Amino acid sequence: MTDPTPDVPESDAVDESVLVAARRAKLLRLRDELKVEPFGSRLDGLIELAQARRLFCEEAHLARELASKAARDAAASGAPVASGAPVTQLPDARVEVRVAGRVVQHRDMGKIVFAWLRDASGDLQVSVSKSEVDSLSFELAKMLDYGDIISIEGRVGRTQRGEVCVWAASVTMQCKSVEPPPGKWHGLHDAEVRYRRRYVDMSANPETMRVFEARSRILQSIRRFMDGRGYLEVETPMMQSLAGGAAARPFVTHHNALGMPLFMRVAPELYLKRLLVGGMRRVYEINRNFRNEGVDRSHNPEFTALEAYEAFGDYHTMLELTESLIHGLAVEAAASSAAASSASADANSAQAVTGQPRLPFGDLSIDYSRPFARVTYRELFTRALGFPVEDTAAVRAKAAADHIEGAGTKNSWLLVNELFERHAEALLDPARPTFVLDYPSAISPLTRPMRGNEAIAERWDLFIAGMEIGPAYTELNDPDIQRAKLTEQLAGADVEESTFRSLDEDFLTALQVGMPPAGGMGLGIDRLVMLLTNSQSIRDVILFPLMRPVGASLATPQGGTE
RNA sequence: GAUUGCGUAGCUCAGUCGGUAGAGCAAGCGGCUUUUAACCGCUAGGUCCUGGGUUCAAGUCCCAGCGCAAUCACCA
């Protein structure tokens, strides 16, 4: 190689749009001409923009206005200034602050520059007057681009129009942005770009930031609630040699050193139950499950679930726990949205005060007041279908009429459940959280049958806004029945299912050691966050939802067929 | 996996019956010391998702592919 390779390939510069080129030119100018480091360094003593806004004091502002006007008049009249001090050294009661943020608006008026900064707490204007800052600071202020991150030292005042702002004493570049951001006014609407490049979404759309802040607070509240009830938070394997605990297709991966396949877990259930065997009385886990299924508005292949088990509890224990948890979360959400809309005494805030939490969800207004609605499976089934679950002939006839596969051959209970999902769930009031209780045992292999009515499993499912939020069970702790049910379930598996399903012998051994009677519960956290933040898609509450790669070729591992 | 819709400048969007690619904001240059989607003048900016086809002529019509969205299927 005889040609020296330039630091920056020429081709990059050629391909760049004029927008990027303009920003790169400014980057060079900062370094070469202004001798400024464009990417900043540690900064202590920063306060949030919202906090700086709260430090505004009208009296201090007015006093400062009077003092500087007097000084200007004196200078204009040629009279000697009494104090002899320049304006910048007059007493000034306005609070001094140091703030930083991303530039989201920029107006260069010639000898004064206005810019809006944004941080997670909100937006705040900064004003840079040529007569009040050093020449470097002013030059920086003039050459700002939308997207740059700067810090400002100055005093909190306001403009003639009443806009609270920081009047800069100095301006420092903290990070030059080289990538053109989306438009300042319309923001970023393209759902695809919002999900693929969430960082742009977050800085361009403050609502997005609010949703994920809310998600974080919700998770904190859940942990506080569970901890308060004496539950211990644990973490169990997400890579398992057997994927059990749910009838879902797992993702398969491979451990090189051990030379063995591994499954991403579809549920933590079998491990959490082992902990009950081990002696933990109340355990919960909040973590990811992975299911190799389709993607839609309420499904992401990896999703966050809460699972909780309480020794010596049952499904009624878990119902009270769940109802209390979700009610509490809804009250908090209603209160914080009421606080957000502050002074306006709208319906929501009034209801929050009276403990009647009502939260909007799309076109619905969901009422989370206690108690949630309850209905039994068989009651709902009969109401929807017009015949009871035991009427096998009617079940088969209706299944055939609905063109359900295997209407004549399948186990009647499986048909019952198909019919239930098609017809009965639609009867539930989407605006009222509803517990559906007492499912057929035949479709609940990990659930203890009701004593005295073996056909019914002590299980409920919670539905809100038409979504299944989570189930709960009185757990089965008879090892022999458990083995029989799991074996029976395996026997019904098709060819594909049998490649990833097998009997978890160690789990059965654990049950033989002995698990106390227990209640268990699972909650889909993403769906719950959707409800509490009025988000219509699960992708709006997952920071980085799964997207197909674009442009780059897909990796095709061996065995990749079809 | 199926069906339908969408893909045009950095962003938000127009683009008529198939006839030279448009606007606002953003960008560059100039002006302006209190702006509030600032304003005024000038300038530049396009793989119309990709690849084929029909046609004298395709952003527009047809076919295939890619991505996204909605609905469905899968899914304790």
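Letters A, B, ... are given to chains in the order of the sequence lines, protein chains preceding strands, and every chain is numbered from 1. Given the structure is predicted, the values throughout are model-derived calculations rather than measurements.
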Colleague: Please report, rounded to the nearest Å, how far the P atom of B:A9 is from the CG atom of A:D190.
Modeller: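 For the pair A:D190 CG and B:A9 P, the rounded distance is 11 Å.
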
Colleague: Kindly indicate whether the side chain of A:Q125 and the base of B:U35 share any N or O donor-acceptor pair separated by less than 3.5 Å?
Modeller: yes

Colleague: Check whether the side chains of A:H106 and A:D148 place a donor and an acceptor atom closer than 3.5 Å, and report yes or no.
Modeller: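 There is no such pair between these side chains.
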
Colleague: Strictly below 4.0 Å: does A:R158 bring a side-chain N or O up to OP1 or OP2 of B:U34?
Modeller: no

Colleague: Say we look at B:U55 and B:G15: how far apart would their P atoms be, to the nearest angstrom?
Modeller: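 Their P atoms lie roughly 28 Å apart.
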
Colleague: Can you tell me, in whole Å, how much space there is between the C1' of B:C6 and that of B:U50?
Modeller: 16 Å

Colleague: Does A:E488 CD have over 12 foreign heavy atoms under 6.0 Å away?
Modeller: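 No - once you tally the heavy atoms of other residues, nucleotides and ligands closer than 6.0 Å, there are 12 at most.
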
Colleague: In whole angstrom, give me the gap between the C1' atoms of B:G52 and B:A37.
Modeller: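 Going atom to atom, C1' in each nucleotide, I get 44 Å.
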
Colleague: Provide the distance between the two C1' atoms, one in B:G22 and one in B:C74, to the nearest whole Å.
Modeller: 45 Å

Colleague: Shortest non-hydrogen contact from A:H189 to A:R194?
Modeller: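 Minimum heavy-atom separation between A:H189 and A:R194: O-NE, 4.2 Å.
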
Colleague: How does protein contact run along nucleotides 23-28 of chain B, one letter per nucleotide 5' to 3', with B for base contact, S for sugar-phosphate only, - for none, heavy atoms under 4.0 Å?
Modeller: -BSBSS

Colleague: Decide yes or no on side-chain contact (heavy atoms from CB on, under 4.5 Å) for A:V266 and A:N289, but give the supporting numbers first.
Modeller: CA-CA 5 Å; A:V266 295; A:N289 292 334; 5.8 Å; no

Colleague: Find the partner of B:U36: check Watson-Crick (N1-N3 plus N6-O4 or O6-N4) and G-U wobble (N1-O2, O6-N3) distances, both under 3.5 Å, and reply none if neither fits.
Modeller: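 Across any shown strand, B:U36 pairs with none.
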
Colleague: Mind calculating the distance between CZ (A:R548) and C1' (B:G65) to the nearest angstrom?
Modeller: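 Rounded to whole Å, this separation is 12 Å.
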
Colleague: Suppose we define a pair by two distances each less than 3.5 Å, Watson-Crick or G-U wobble; what does B:U3 pair with here?
Modeller: B:A70

Colleague: Who is the Watson-Crick or G-U wobble partner of B:U16, with both distances under 3.5 Å?
Modeller: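 For B:U16, the partner nucleotide comes out as none, under the 3.5 Å rule.
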
Colleague: Does either side chain, that of A:R459 or that of A:S444, offer a donor lying less than 3.5 Å from an acceptor on the other one?
Modeller: yes

Colleague: What integer distance in Å separates A:E65:CD from B:U33:P?
Modeller: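 So the CD-P distance, A:E65 to B:U33, works out to 17 Å.
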
Colleague: Taking the same atom, P, in B:A21 and in B:U60, what whole-Å distance lies between them?
Modeller: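 My reading of the P atoms in B:A21 and B:U60 gives 13 Å.
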
Colleague: What's the NE2-C1' distance between A:H189 and B:U8, to the nearest Å?
Modeller: 18 Å

Colleague: Assign each of A:G162 and A:I112 to its nearest nucleotide of RNA chain B by heavy atoms, then name whichever residue's nucleotide is nearer the 5' end.
Modeller: A:I112

Colleague: Does a side chain donor of either A:E285 or A:T236 reach within less than 3.5 Å of an acceptor in the other side chain?
Modeller: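 A donor-acceptor contact under 3.5 Å links the two side chains.
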
Colleague: Measuring only the P atom in each nucleotide, how far is B:C29 from B:G45? A whole number of Å is fine.
Modeller: 16 Å

Colleague: May I ask which nucleotide in the shown strands pairs with B:A64, Watson-Crick or G-U wobble, both distances under 3.5 Å?
Modeller: B:U50

Colleague: For the side chain of A:F114, counting heavy atoms from C-beta on, which of B:U33, B:U34, B:C11 is nearest?
Modeller: B:U34

Colleague: Parallel, tilted or perpendicular, judged at 30° and 60°: which one describes the rings of A:F420 and A:Y377?
Modeller: parallel

Colleague: Pick the P atom in B:A23 and in B:U43, then give their distance to the nearest Å.
Modeller: 12 Å

Colleague: Look at the side chain of A:S127 and the base of B:U34, then say whether one donor and one acceptor between them are separated by less than 3.5 Å.
Modeller: no

Colleague: Mark yes when over 12 heavy atoms from residues, nucleotides or ligands other than A:K130 sit less than 6.0 Å from its NZ; otherwise mark no.
Modeller: no

Colleague: Just by distance, with hydrogens left out, do A:D134 and A:S137 show a side-chain donor and acceptor under 3.5 Å apart?
Modeller: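 Yes - a donor-acceptor pair under 3.5 Å links their side chains.
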
Colleague: Counting only Watson-Crick pairs (N1-N3 plus N6-O4 or O6-N4) and G-U wobbles (N1-O2, O6-N3), all under 3.5 Å, who is the partner of B:A44?
Modeller: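 WC or wobble partner does not exist here.
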
Colleague: Ignoring the backbone of A:S129, work out which of B:U33, B:G10, B:G67 is nearest its side chain.
Modeller: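 It is B:U33.
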
Colleague: I'd like the P distance from B:G10 over to B:A70, given in whole Å.
Modeller: 26 Å

Colleague: Applying the side-chain hydrogen bond (donor to acceptor under 3.5 Å, both in side chains) criterion to A:R158, which one of A:E58, A:E163, A:E65 satisfies it?
Modeller: A:E58

Colleague: Which part of the nucleic acid does A:W167 contact within heavy-atom distance under 4.0 Å: base, sugar-phosphate only, or nothing?
Modeller: base

Colleague: Would you indicate what A:R161 reaches in the nucleic acid, counting non-hydrogen atoms under 4.0 angstrom: base, sugar-phosphate, or nothing?
Modeller: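 Base contact - A:R161 has a heavy atom under 4.0 Å of at least one base atom.
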
Colleague: Tell me, for nucleotides 69-76 of chain B in 5' to 3' order, what letter each nucleotide earns: B for a base near a protein heavy atom under 4.0 Å, S for only sugar-phosphate near one, - for neither?
Modeller: SSS-BBBB

Colleague: With a 3.5 Å limit on both atom pairs, tell me what B:G24 is paired to, counting Watson-Crick and G-U wobble, or say none.
Modeller: B:C11

Colleague: Output the rounded distance in Å from CG (A:D123) to P (B:U36).
Modeller: 17 Å

Colleague: Should B:G59 form a Watson-Crick or G-U wobble pair with both distances under 3.5 Å, which nucleotide is its partner?
Modeller: none

Colleague: Identify whether NZ of Lys or CZ of Arg in A:R274 sits under 6.0 Å from the centre of the six-membered ring of A:Y271 and within 45° of that ring's axis.
Modeller: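 A:R274 over A:Y271 ring: yes.
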
Colleague: Do we see a donor-acceptor contact under 3.5 Å between the side chains of A:Y315 and A:D438?
Modeller: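 A donor-acceptor contact under 3.5 Å links the two side chains.
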
Colleague: Expressed as a whole number of angstroms, how long is the span from A:L546:CG to B:G67:P?
Modeller: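 Roughly 12 Å, once rounded to whole Å.
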
